[in-house]
Amino acid sequence: MRPDYTPKDIEAAAQQHWEEQQAFRAGEDSPKPKYYCLSMFPYPSGKLHMGHVRNYTIGDVLSRYHRMQGFNVMQPMGWDAFGLPAENAALANNVPPAAWTYSNIGHMKQQLKSLGLGIDWSREVTTCRPEYYRWEQWLFTRLFEKGVIYKKTAGVNWDPVDCTVLANEQVIDGRGWRSGALVEKREIPMYFFRITQYAEELLADLDRLPGWPEQVKTMQRNWVGKSYGCEVEFPYGTAIGKEGALKVYTTRPDTLMGATYVAVAAEHPLAAQAAAGNKELAAFVAECKRGGTAEADVATMEKKGMDTGLFVRHPLNGVNLPVWVANYVLMGYGEGAVMAVPAHDERDYEFAEKYGLPVKHVIASPDLLNKWKKLEAQLLADGHEPDRNDLDQAGMIAYLSHVLSDLPAPSDALIEAVHEFAGQMEIESPNTEYGTLVCSGEYSGMDFQQAFDAIAADLQAQGMGKKRTQFRLRDWGISRQRYWGCPIPIIHCPACGDVPVPDEQLPVVLPENVTVTGTGSPLAKMPEFYRCACPKCGGEARRETDTMDTFVESSWYYARYASPACSSGMVDKIAAQRWLPVDQYIGGIEHAILHLLYARFFHKLMRDEGLVQGDEPFINLLTQGMADVEVETDAKGRPLGAKLRADGLPVAIGGTEKMSKSKNNGVDPQAIIDKYGADTARLFIMFAAPPDQQLEWSDSGVEGAYRFLRRIWHFAHTRRPAGANPGLARDLSDAAQPEKERCREIHSALKQANNDFGKHQFNTVVSASMKILNTLEKCSDTDSGPAIADGFSILLRLLSPITPHIAQTLWQELGYGDDILAAPWPEADEAALEQDEIELVIQVNGKLRGSLRAAKDADQAMLENLALAHPAVQKQLAGGAAKKIVVVPGRLINVVA
RNA sequence: GCCGGGAUGGUGGAACUGGUAGACGCGCCGGACUCAAAAUCCGGUGUCCGAGAGGAUGUGGGGGUUCAAGUCCCCCUCCCGGCACCA
């Protein structure tokens, strides 16, 4: 055995050993229970960053841990290979996206292998390969025929200079990132997955995922956004041109009597109609159509609007309400029109304040109600008749000032009551809480639910509305006007319409040798690609040149791993049944909504096709915190440029790297692996923080991780802690006190580590391991020989999922066994944890004043007496008596003076 | 803007279910070894007052509940993730 720790040699040897043993091939006919451990596959951006290392180390730790617990583990890996960055790289470096992608995959695969991950590489999938995406195309044609996929128009960001559709992140301050041209919203035809048809199920099944973080489930629930509300129609007469009704959807029908105007989106027919004869309005509508489509931009825009001059009639009280065009109303959302209740909605209030529109309170909080009653009572007491007219804010303020100035000699009590009421109204503008209806005619006095039901019933009776359940979730548009993606398998025939490509013609292969110019879609310029015959009538037809959203590939890869080479179907049903669902999924928190929702949706689609069983793809989910970069942002929070923490060099945004804010993590993992080895890199990353916590990387602390491994090696070399039967429970009844204490320390650290493994808190597993080594180093050969061997074998096994190379090497070198992967997982020996005497903390009024040792089974009265006798307590009490004594068994005694 | 998180020493983080705040590391300070340095080992290290014993104070800010609050409740600030064409 070498005296020095030489990670390069031992890691190469250990990896070769696993390779020879085919140690990580997932067995198809194992009697052991299966454990499918999946880490989100990487986009092949070029090189590994710390986020990858963190993700894949977590996955490997869980895989190896479960393997030692007796599971048949499957841990696959693959490449999310289609996407925008490859096209950007092509533009920047003149390399075809395919070549760039394959070369990146080659390099990153080497990097992953050098980390010593226990991956079954025989299952590798690459989404840009026709063998993979042909099945995606196949499913598309099936779903198209079933009507789950349909076509409609939708808005995109159009760059009028580059004649290209831009991704949201390519629109910076309303301009194209390359051309600088002002971006326009343009409506184009696209294919959509009818995900809304599954909205109810996607929502309900979240309740059947106890292994998912609550945080993620909450985000998904809010995203699906089931709401109970009402359709309300605001009729208009021929004055507008023709008779009709403006339909809106609201979740607050109880505030209907407080509506003071209605607002429509710029794209709404009513806006277009009004703009036809109004140049100023037409210009405003055009202005609203400028800029990007991203919701964050729209929502943070300054609220602007313009009066159309049109009016609609309030369906219940017949009052005419003005129609405004407002940029905060979105066409693709609900009905593209809203009823505005400024008194009880933040955005409506802000808008009404800005344009001087009336505010009418119709919901009163208990406070407001009480203050109004008090005011009324005082008016009566002073001999005046209270005015119970509408609480239109302006009218109310006028009324209140009338009370103060026009009434003869108002009493002090009345003046106070007016001020209190006015003050409360001020506080409650806008009041978005539920409350009691006021100033709402026959509905006054009702609570939310009563008003909801009554108003909905009245609307329905008049044919002017009804209750409706609505989802916030929108259908999933998957058409992309880009080259580097999976071709949509549709042929457009002038005679037959949209015809799906027949099975025998699949896959529609994406040509790999192309030149990317940055203007327009490359496929649309390739007649050899798009010219084709209609599969139905044989006539001349045109192939669809749009490709699919890359979220589609990542929505089903987890299922493909079960039978990666299956050439007869999307999945081999037997293999899918064996391996699915995924037992543990691990990936970044940034995927909490979109990717995870789409994958859940796809599982249900595949289930309905009879391909997979079960309703959900991922049983347990671990969301990893982001690995941050220091990013400078503009006023809208968009990155202007990222700075590499380590050396301050700027990093290109939207360049050849994956376009992600997390692409640069300040520390290059390869440099750490080269200098210290994979075990140090893995240990360092697991020790830095718990997996779900976000982390800013710096390499301080890498040295400490390396030092720890070196100490382990040195300990093994100098102390040779081998035992014939490591892990055998030892009878400690005769052992000397120091040895008992050392054993207790080791087993209590082990107990903590096992508990932390269960919580996926690997940083404290590492600290427990460090404590064990600290204890072992305190042992002398003579007093604790066998304990050392026992303790060291615990240490190696505890660390083996995290630092597998050194653990395997020492396990073998010291003769514990051939393969640490086959060793049983260590469990804490409860007998070793027993203590006769324990330390108790003494508090006086909750403040720490001392401690005492007592027998572990000392009773309450005895402990109280011991505490009272304690000098520190005597001093604090200063002769006084204790009011109360709180004893927390095994922990503390608190004397309350 | 909306939805979801987060904030603990110089620093990464720990603290089971409301019960000794700062485990385990990094860094720093002092010491040993050495011709010297590196490596290694030993000791110390929240802040303030104090020679010391000890005391006060302390978990982003403000309030509250409790014998006891980093932990529970209310309000606020800042930071991070997502917002449907980045992946």
Side-chain angles (χ1 to χ4, degrees), chain A residues 40 42-43 45 80 83-85 88 156-157 165-171 213-216 218-223 225 292-301 303 328 332 346-347 350 473-482 549-551 554 588-595 597-598 623 625-626 628 653-654 658-663 684 687-690 692-698 700-705 707-708 710-711 714 752 755 759 761 763-764 766-771 774 839-848 851 883-886 888 890-892 894-897:
Chain A
M40 289 182 186
Y43 178 81
S45 56
D80 188 13
L84 200 49
N88 296 332
V156 293
N157 304 307
V165 175
L166 298 178
N168 282 336
E169 74 156 12
Q170 294 175 314
V171 180
E214 219 38 65
Q215 173 196 5
V216 174
T218 303
M219 283 193 266
Q220 292 215 349
R221 275 186 202 108
N222 292 342
W223 185 261
T293 55
E295 190 189 306
D297 291 337
V298 177
T300 49
M301 252 180 344
K303 282 163 199 53
Y328 72 90
E346 298 278 356
R347 287 184 307 181
E350 195 187 318
L473 182 69
R474 311 199 293 257
D475 275 338
W476 177 14
I478 52 122
S479 294
R480 296 291 179 271
Q481 299 68 42
R482 291 195 227 298
D549 181 359
T550 56
F551 271 125
S554 55
I589 184 68
E590 69 273 22
H591 296 292
I593 297 173
L594 292 180
H595 162 63
L597 190 70
Y598 292 148
T623 45
M626 292 290 285
D628 289 326
I653 291 273
K658 176 183 168 187
M659 289 220 283
S660 154
K661 281 166 237 164
S662 64
K663 70 189 168 183
F684 161 66
F687 187 46
D692 55 352
Q693 198 159 309
Q694 124 199 340
L695 195 57
E696 272 186 24
W697 295 111
S698 90
S700 76
V702 179
E703 288 277 358
R707 199 175 298 157
F708 174 59
R710 234 170 25 201
R711 270 171 64 204
H714 182 246
Q752 181 218 312
N755 187 37
K759 291 192 294 179
Q761 193 172 290
N763 57 328
T764 48
V766 175
S767 9
S769 306
M770 288 173 167
K771 281 183 195 167
N774 288 345
E839 192 178 28
L840 287 162
V841 158
I842 309 228
Q843 294 182 341
V844 178
N845 292 330
K847 284 195 183 195
L848 181 70
S851 66
K883 276 188 201 144
K884 181 178 169 186
I885 301 177
V886 181
V888 182
R891 290 218 174 250
L892 58 76
N894 186 15
V895 179
V896 183

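Quick note on labels: first sequence line is chain A, next is B, and so on, each numbered from 1. Because the structure is a prediction, the values reported are computed rather than measured.
A gap of 27 Å separates the C1' atoms of rG62(B) and rA14(B), to the nearest Å. For the P atoms, the distance from rC49(B) to rG43(B) is 28 Å, rounded to whole Å. Comparing rU59(B) with rG9(B), their P atoms sit 9 Å apart, to the nearest whole Å. Comparing the P positions of rC73(B) and rA7(B) gives an interatomic distance of 14 Å, to the nearest angstrom. rC2(B) and rC74(B) are spaced 22 Å apart, taking the C1' atom of each and rounding to whole Å. For the P atoms, the distance linking rA15(B) with rG70(B) amounts to 15 Å, nearest Å. Of the C1' atoms belonging to rA32(B) and rA51(B), the separation is 28 Å, rounded to the nearest Å. rG25(B) and rC41(B) have their P atoms separated by 11 Å, given to the nearest Å.
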Verdict with supporting geometry, Thr764(A) and Gln761(A), side chain to side chain donor-acceptor pair (under 3.5 Å) = CA-CA 6 Å; Thr764(A) 48; Gln761(A) 193 172 290; 3.0 Å; yes
Between Asn157(A) and Thr293(A), is a side chain to side chain donor-acceptor pair (under 3.5 Å) present by the stated rule, with each step listed?
-> CA-CA 6 Å; Asn157(A) 304 307; Thr293(A) 55; 3.2 Å; yes
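Distances shown here put a side-chain N or O of Asn222(A) below 4.0 Å from the OP1 or OP2 atom of rG4(B).
Each of rG25(B), rC83(B), rG19(B) was ranked by its minimum atom distance to the side chain of Asn774(A); first place goes to rG25(B). Set against rC86(B), rG81(B), rC26(B), the side chain of Met219(A) has rG81(B) as its closest nucleotide. Distance from the side chain of Thr764(A) is smallest to rA14(B) among rA14(B), rG4(B), rG19(B). When distances run from any side-chain atom of Ile593(A) to the nucleotides rG4(B), rG82(B), rC67(B), the shortest one goes to rG82(B). Looking at the side chain of Thr300(A), the nearest of the listed nucleotides rG1(B), rA84(B), rU20(B) is rG1(B). Across rG1(B), rC24(B), rC26(B), the shortest atom-to-atom separation from the side chain of Arg707(A) is found for rC26(B). Side-chain proximity of Gln215(A) to the nucleotides rG5(B), rG12(B), rA14(B) is greatest for rG5(B). Minimum atom distance to the side chain of Val888(A) is reached by rG19(B), of the listed rC83(B), rA14(B), rG19(B). Counting only heavy atoms from C-beta on, Lys884(A) has its side chain closest to rC67(B) among rC67(B), rA15(B), rC24(B). Each of rA87(B), rC41(B), rA23(B) was ranked by its minimum atom distance to the side chain of Ser767(A); first place goes to rA23(B).
When Watson-Crick and G-U wobble pairs are counted only if both distances are under 3.5 Å, rC86(B) pairs with no nucleotide at all. Summarising the base pairing, rU77(B) is matched to rA7(B) through a Watson-Crick or G-U wobble pair whose two defining distances lie under 3.5 Å. Here rU45(B) sits opposite rG27(B) as a Watson-Crick or G-U wobble pair (both hydrogen-bonding atom distances under 3.5 Å). In this entry rG19(B) has rC67(B) as its Watson-Crick or G-U wobble partner, both defining distances falling under 3.5 Å. Across the strands present, rG52(B) finds no partner; the criterion is a Watson-Crick or G-U wobble pair with both atom distances under 3.5 angstrom. Base pairing analysis places rU34(B) opposite nothing; no Watson-Crick or G-U wobble pair with both distances below 3.5 Å involves it.
Counting heavy-atom neighbours within 6.0 Å of Lys883(A) NZ, excluding the residue itself, gives a total of 12 or less.
To the nearest angstrom, P of rC26(B) lies 8 Å from CZ of Phe687(A). When rounded to the nearest whole Å, the span between CE of Met626(A) and C1' of rC80(B) equals 9 Å.
Nucleotide rG9(B) carries a syn base; the chi torsion (O4'-C1'-N9-C4 or O4'-C1'-N1-C2) is within 90° of 0.
Asn894(A) contributes a side-chain N or O that forms a donor-acceptor pair with the base of rC67(B) under 3.5 Å.
In this structure, Asp549(A) contributes its side chain and Phe551(A) its backbone to a donor-acceptor pair below 3.5 Å.
Arg221(A) and Glu214(A) are joined by a salt bridge, as a carboxylate oxygen and a charged side-chain nitrogen come within less than 4.0 angstrom of each other.
Smallest separation of non-hydrogen atoms from Pro690(A) and Asn763(A): CD-ND2, 3.5 Å.
Mapping Asp475(A) and Val895(A) onto RNA chain B by nearest heavy atom places Val895(A) at the nucleotide closer to the 5' end.
Of the inter-residue distances, the one linking Leu597(A) atom CG with Gln220(A) atom CD reads 5.0 Å to the nearest 0.5 angstrom.
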